[in-house]
Amino acid sequence: MSSRFRALALGLGAVLMVLPGQAQIESSGLGDVDPWGAKFLERGERGFGQGLWSSSDPEYLIALFERMDVSLMSESEKALLSRALRSPSASPGGDLAPALQELRIELLHALGERRAAASLAEQVDVPPADVDPDIILSDNRLARGEVDLVCAQMNTTGEGRFWSELRAICALKADAPETAELAIEIAGQQEGAEPWFTNVAFAMLSEAEDRPPARFGSGLELTISQMAGLEPDSESLAAARPDIAALIAEDTERPIRLRLAAAGIAAEAGEISAVQHRQLYKTLIEEEGFEPESAIEAAFVVLAKAPEPEPVVPDLAPVTSPPTGPVDLRAMANAAPEPAAPDVPAPEEGDAVDEISLAEEQALAVREALREAAIDPVSFAARARLFAPALQSIPANEDTAQAAIPFAVAALSNGTVNVARKWLAGVPDDADDRVRFEAAMLEGYSLLLAQQRSSADTARIVATLLETGYEREQISDSLQLFSVWAGFDVPMPVLARSALAQSQIEARPVEPGILLAIDTAQRAGATGEALLTILTQTDGQVETLSGGALAGLLNALVRMGASDEARALAFDAGQLWTYAAGPARR
């Protein structure tokens with residue numbers, strides 16, 4: 001080691017020694033608590049029972065856990081897996097329980113359930129290599145802006161990229177240039193290190209003006225980006241971690257358009273409420289000189305308009321009482337003519353401008369904003385939540401009928417069946433076959449949210465579908481709906497049963513043995529085993545399943561107490577969000 005490098009190393013150690021606080025973040029002291037019994041459910045969520053994992057063979061469970069690939073799952077599948085993994089249960093027991101717990105922690109971390117993953121990692125003897133609870137806790141604090149606290153409680157001897165980069169940040173913050181230089185060099189030598197961090201840190205050290213874009217993929221990246229005064233570009237912002245994006249959206253010191261871009265990322269992940277999201281758009285359109293740049297911004301401008309008052313017609317002449325005696329018609333005919341009105345040129349053909357009502361203007365604007373997001377189910381669901389009040393307040397009538405289909409889809413996405421039915425009732429009786437077919441499809445899916453389902457309703461829906469849906473794709477959609485109904489025990493009219501029996505649409509089957517294994521696992525109380533087996537079959541492509549397989553999997557979920565997740569998967573199977581995209585939807 002050179003004398004200069006040795007001096008820098010001693011200097012780095014000296015700076016870290018004088019940083020206040022403990023040598024390592026304290027654990028929560030939960031080591032004596034059974035990690036399987038820990039509860040991480042949100043308010044209103046229910047667990048799956050104490051036998052969730054204990055009623056299955058641990059070795060078989062390990063094989064199922066290892067089959068889970070979060071990166072390929074839909075949001076509905078992730079929600080189902082997350083609730084199962086966050087539910088308290090009895091321990092599987094045996095020598096394989098620790099291995100199962102490690103896989104559980106890894107999956108929670110992959111799902112973005114950082115709090116649950118960190119808490120469980122603190123309770124096991126050997127946490128997974130990629131899930132260090134101290135790192136998660138420190139990074140979360142960095143994301144909240146608690147850099148001084150994190151530096152005070154930093155693990156001064158921790159190995160790896162995170163601790164090395166954190167030591168460099170703390171040295172920069174302590175204004176110790178030589179120590180910071182060494183810390184930056186060491187951080188750059190760690191496994192997985194990226195040039196971005198080194199470039200930013202050295203730019204700060206040399207006070208260079210040319211600096212890379214900000215990054216928000218972790219609390220550590222957010223911290224050094226803020227310290228260096230970096231601004232994000234569209235690419236770096238798109239890669240922001242959703243919980244960090246939510247913090248950026250809440251930061252009133254940042255430009256409103258940056259906050260809104262971050263809010264869009266956070267909203268799709270459920271990290272901010274629709275109320276917060278709407279308020280940001282209201283702030284944007286109230287800025288001086290604002291001009292809308294997208295359909296969503298234009299919609300909020302129109303929604304902010306107040307209804308115009310009814311025009312008041314002034315009295316131009318005194319009101320006289322009608323004559324009480326006989327009227328001399330000849331005298332009236334010979335009376336002097338009224339003064340001629342001034343010559344006003346008649347409007348030429350094409351000059352007339354059709355005026356539309358405020359309700360129609362708002363409906364058209366919101367419809368375009370919904371269509372703009374009808375590119376994938378996640379984007380559309382976030383947009384539907386954003387416009388939930390508008391779906392309820394805009395009247396469904398002749399003026400707004402052209403928005404009825406996308407508005408009904410958005411209402412179903414929000415789970416508001418009454419609002420969906422309001423808009424479906426607004427579809428004109430003389431609408432073309434495509435619109436009538438789509439309205440019947442959406443009404444059919446609305447039955448999954450309804451408290452009562454009558455045979456008369458299903459018979460009417462089936463008759464409309466068979467009358468108006470004659471294209472191959474429409475026939476496939478109808479059969480998909482009938483299969484979903486079977487999964488939820490919706491009364492099935494004979495025409496629907498006959499259509500299913502004669503179906504020749506190619507689809508992906510599920511082996512009868514797997515369906516039987518799911519059913520028997522559920523009946524034996526091995527709920528976790530059944531849930532994981534279902535996820536191996538939906539496999540991120542629930543819409544490709546055969547009718548029988550779809551019905552069987554949905555029905556199993558309903559019987560296991562996962563009705564909400566089953567409905568979400570049913571909506572995925574029907575690809576309802578595509579109905580909001582307009583005629584050329586697929």
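Computation of the quantities below employed the complete heavy-atom set of this structure, encompassing side-chain atoms and omitting hydrogens, waters and symmetry-equivalent molecules.
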Item to check | Carboxylate-amine/guanidinium contact Arg114 Asp139, below 4.0 Å | outcome: yes
Checklist entry - Would you say the side-chain atoms of Ser379 and Arg383 include a donor-acceptor pair closer than 3.5 Å? => result no
Next on the checklist: With a 6.0 Å cut-off (strictly less than), is the heavy-atom count around CZ of Arg254, excluding the residue itself, greater than 12?
Outcome noted: yes
Checklist entry - Would the Phe380 and Trp577 ring centres measure less than 6.0 Å apart? => result no
Checklist entry - So do the side chains of Glu77 and Asp572 get within less than 4.5 Å of each other, counting heavy atoms only? => result no
Checklist entry - Just checking, is any N or O donor in the side chain of Glu221 or Ser225 under 3.5 Å from an acceptor N or O on the other one? => result no
Checklist entry - If we only count heavy atoms from C-beta on, is the Gln474 to Met441 side-chain gap below 4.5 Å? => result no
Item to check | Cationic N near anionic O, under 4.0 Å, Asp489 to Arg453 | outcome: no
Checklist outcome for this item: What one should report as the nearest heavy-atom pair of Ala410 and Leu391 is CB-CD1, 3.6 Å
Item to check | Close side-chain approach of Gln226 to Leu222, heavy-atom, < 4.5 Å | outcome: yes
Item to check | Gln392 atom CD: more than 12 heavy-atom contacts under 6.0 Å | outcome: no
Next on the checklist: Does this structure show an ion pair linking Glu297 with Arg257, if we count only N-O contacts that are shorter than 4.0 Å?
Outcome noted: yes
Item to check | Pairwise side-chain contact, Leu447 with Phe488, heavy-atom cut-off 4.5 Å (strictly under) | outcome: no
Checklist entry - Take atom CZ in Arg508; do more than 12 heavy atoms of anything else shown fall under 6.0 Å from it? => result yes
Checklist entry - Can you find a pair of side-chain heavy atoms, one from Pro232 and one from Leu258, that are under 4.5 Å apart? => result yes
Checklist entry - Parallel, tilted or perpendicular: which fits the ring planes of Phe407 and Trp423, with parallel below 30° and perpendicular above 60°? => result perpendicular
